[in-house]
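What follows is one structure encoded as structure tokens, with my remarks underneath.
The shown structure was predicted, so the numbers you read here are calculated from the model rather than taken from an experiment. Counting convention: from 1, in listed order, for ligands and their atoms alike.
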Amino acid sequence: MRTQVCIIGGGPSGLLLSQLLNLKGIETVVLERKSRDYVLGRIRAGVLERGMVGLLREAGCAERMDIEGHPHEGCNLSTQHGMFRIDFKSLVNEEVMVYGQTEVTRDLYAAQDRIGATVIHDAADVAIHDPKSDAPYVTYRKDGVEHRVDCDYIAGCDGFHGVSRQTIPTGVRQEFERVYPFGWLGILSETAPAAEELVYANHPRGFALASMRSATLSRYYVQVPLSDKVEDWTDQMFWDELRRRLPAEVAEPMQTGPSIEKSIAPLRSFVCEPMQFGRLFLVGDAAHIVPPTGAKGLNLAASDVHYLSRALIAFYGAGDRQGIETYSATALKRIWGAMRFSWWMTSVLHRFPEASEFDQKIQESELLQLEEVESARRTMALNYVGLPY
Ligand code: APR
Ligand code: PHB
């Protein structure tokens, strides 16, 4: 088989890239290791920056998001002094869209189906060959048969555990990482959200977040030690702990009910440089991971897709190689901005087991500054709604 761009991974990065390229007449083949149901079974964050919202509209798959998504003009921070609001609208005249990543992925699959794009599921043993040559190709196995895709370019959209990043030789690749000493225990429950907007809480017992998917579906998280196991947490224990950490005005009226999903995720910051090697480009989680505080994971994937799709469209349309040559540097500049913000939000909102009393005082002072200084809130709002592309 021959295509112009072979895309490895059918998560949000791969599907959005495929959709944007196809709409401009560029041929793609998406190779996904898992089944569609498996990909759609993953539950992840649900806050979309304006840039991502714009890309979904451009990709022709925003119809349901525009009806069912909830624009939010602010979020709340809770500290030992009480709760205060970061008003995105008044601070930076922007909003975010609350709409789950699972729904985004579902809409992207539907859009790919509508235009007849090639998405191959259950593709095993995907391997990248000759990325530094002018004739790269990708091989995979399906139903016991070996296949080969010849292409001009390869987009590695295969997430943190994929093969694409590993294809870049260790002598070329540099990795930057911070692992945090805690995880997030999250649940999804068919209950009305506890508050109209998200509530991020810094509490002596640890961080908590009240989020939502819709008027009848809530998503909540509490910070837990890495040694905790999800089986150790009954629903009742979760609700009791969440109630202790949220401010009383949110916790007391909060509806509780059985969890329909419960999991623990570790927190990590990770960046791979460079994000391109010959004709291979890394996109999304394949190149970087952020802790979920600030909900930047999916949005960063979207900005990579923005830069790479523009670059490939300029190349195929006008022979312009500039975007292709500078993809890694352009994408990384914005990625480090979001890395800094996610690290900062994680640092100010969590309780670190090794923190000294001095560290604790600094954290409290940082939160107080946010509460009292408008320019500090504006900087936070600017980053939360998303730095421009
Ligand atoms: N071959 C083919 N497909 C692969 C391989 C492989 N060797 N390894 C992984 N994949 C697939 C995974 O099954 C997954 O569907 O690549 C896809 C990668 O999807 P994600 O992990 O969702 O990564 P990405 O598309 O970059 O999405 C960005 O935003 O909110 C964050 O981490 C969250 O998923 C999210 C991300
Ligand atoms: C979520 O709704 O899952 C969510 C929202 C905001 C975050 C992280 C996760 O910062």
Query - Common cluster, L91/L382, ILVMFWY with side-chain heavy-atom separation under 4.5 Å - result: yes

Query raised in the report: Hey, does the side chain of R377 reach the backbone of I86 with a donor-acceptor pair shorter than 3.5 angstrom?
Result: no

Query raised in the report: Has the side chain of S365 got a donor or acceptor atom that lies under 3.5 Å from a matching backbone atom of K361?
Result: no

Report task. Classify the ring geometry between W184 and F207 as parallel (under 30°), tilted (30 to 60°) or perpendicular (over 60°). Result -> parallel

Requested in this report: Check the angle between the aromatic planes of W336 and F176 and answer parallel, tilted or perpendicular using the 30° and 60° thresholds.
Outcome: perpendicular

Query raised in the report: Checking side chain to side chain donor-acceptor pair (under 3.5 Å) against D240, which of R244, R243, Q236 comes through?
Result: Q236

With the criterion set at N/O pairs under 3.5 Å, what does the list of contacts between the protein and ligand 2 look like, atom names and distances included?
unit_1   : atom_1 : unit_2 : atom_2 : d
ligand 2 : 2 (O)  : S211   : OG     : 2.5
ligand 2 : 2 (O)  : R213   : NH1    : 2.7
ligand 2 : 3 (O)  : R213   : NH2    : 2.9
ligand 2 : 3 (O)  : Y221   : OH     : 2.6
ligand 2 : 10 (O) : Y200   : OH     : 2.7
ligand 2 : 10 (O) : P292   : O      : 3.0
ligand 2 : 10 (O) : G294   : N      : 3.1
ligand 2 : 10 (O) : A295   : N      : 3.3

Report task. Indicate whether the side chain of Y307 and that of T326 have a donor and an acceptor atom separated by less than 3.5 Å. Result -> no

Query raised in the report: Are Y180 and H350 close enough that their ring centers fall under 6.0 Å?
Result: no

Report task. May I ask you to check whether Y153 and F315 place their ring centers less than 6.0 Å from one another? Result -> yes

Requested in this report: Sort out the contact shell of ligand 1: every protein residue with a heavy-atom distance below 4.0 Å, listed by chain and number.
Outcome: I8, G9, G11, P12, S13, L31, E32, R33, K34, V39, R42, R44, Q101, V126, C157, D158, G159, G162, V163, G284, D285, G297, L298, A301

